[in-house]
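Quick notes on the structure that follows.
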Amino acid sequence: MAFTPLHDRVLVRRIEGDEKTAGGLIIPDSAKEKPAEGEVVSCGAGARKDSGELIAMDVKAGDKVLFGKWSGTEVKIDGEDLLIMKESDILGILS
């Protein structure tokens, strides 16, 4: 991919959830919520302290993460819908 986020920003691809409920009901597209789970595509070098020292990122490309429902900015890169968000918008890493 020809895009690298700057500073403490992360590029995330949403991971689509199940189309059925636990009881087997099919969820129509109009009732689905956007997933709050994704995979990190790429990330910046990290934020800088006032002294200029680099603060390393806790996430890396390939990590599966959870993020807030309204987090990030939606962008289209190479025909793919992705999100750009700050690392602080990520709630946690799924193992």
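What you see is a predicted model, and the numbers here were worked out from it, not measured in a lab. Numbering starts at 1 and runs along the sequence shown.
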Sequence neighbours excluded, every pair satisfying salt bridge (Lys or Arg N to Asp or Glu O under 4.0 Å) that has a member inside residues 55-65:
K60-D63
Run the side-chain contact (heavy atoms from CB on, under 4.5 Å) check on I84 and F3 step by step: do they pass?
CA-CA 11 Å; I84 298 175; F3 180 83; 3.6 Å; yes
Which residue is it: L11, V65, I93? I am looking for the one with a side chain to side chain contact (heavy atoms under 4.5 Å, CB included) to V40.
V65
Sequence neighbours excluded, which residues qualify as salt bridge (charged side-chain N to carboxylate O under 4.0 Å, His left out) partners of K86?
D8
Those residues that, when tested against D50, pass salt bridge (charged side-chain N to carboxylate O under 4.0 Å, His left out) (two or more places apart)
none
Kindly compute the distance separating [atom1] ([X]) from [atom2] ([Y]), expressed to the nearest 0.5 Å.
{"X": "S42", "Y": "R13", "atom1": "OG", "atom2": "CZ", "value": "9.5 Å"}
{"X": "L91", "Y": "E37", "atom1": "CG", "atom2": "CD", "value": "11.5 Å"}
{"X": "M57", "Y": "R9", "atom1": "CE", "atom2": "CZ", "value": "10.0 Å"}

Could you check whether any side-chain heavy atom of F67 comes within less than 4.5 Å of a side-chain heavy atom of L83, counting everything from C-beta outward?
yes
Can you check whether D81 reaches R14 side chain to side chain, under 4.5 Å on heavy atoms?
no
Can you name the residues that form a side-chain contact (heavy atoms from CB on, under 4.5 Å) with S51, not counting sequence neighbours?
K49, E53
Note: V10 and C43 closest approach over all heavy atoms is CG2-CB, 4.1 Å
Mind checking whether V41 and V75 sit in one hydrophobic cluster, side chains of I, L, V, M, F, W, Y counted as touching below 4.5 Å?
yes
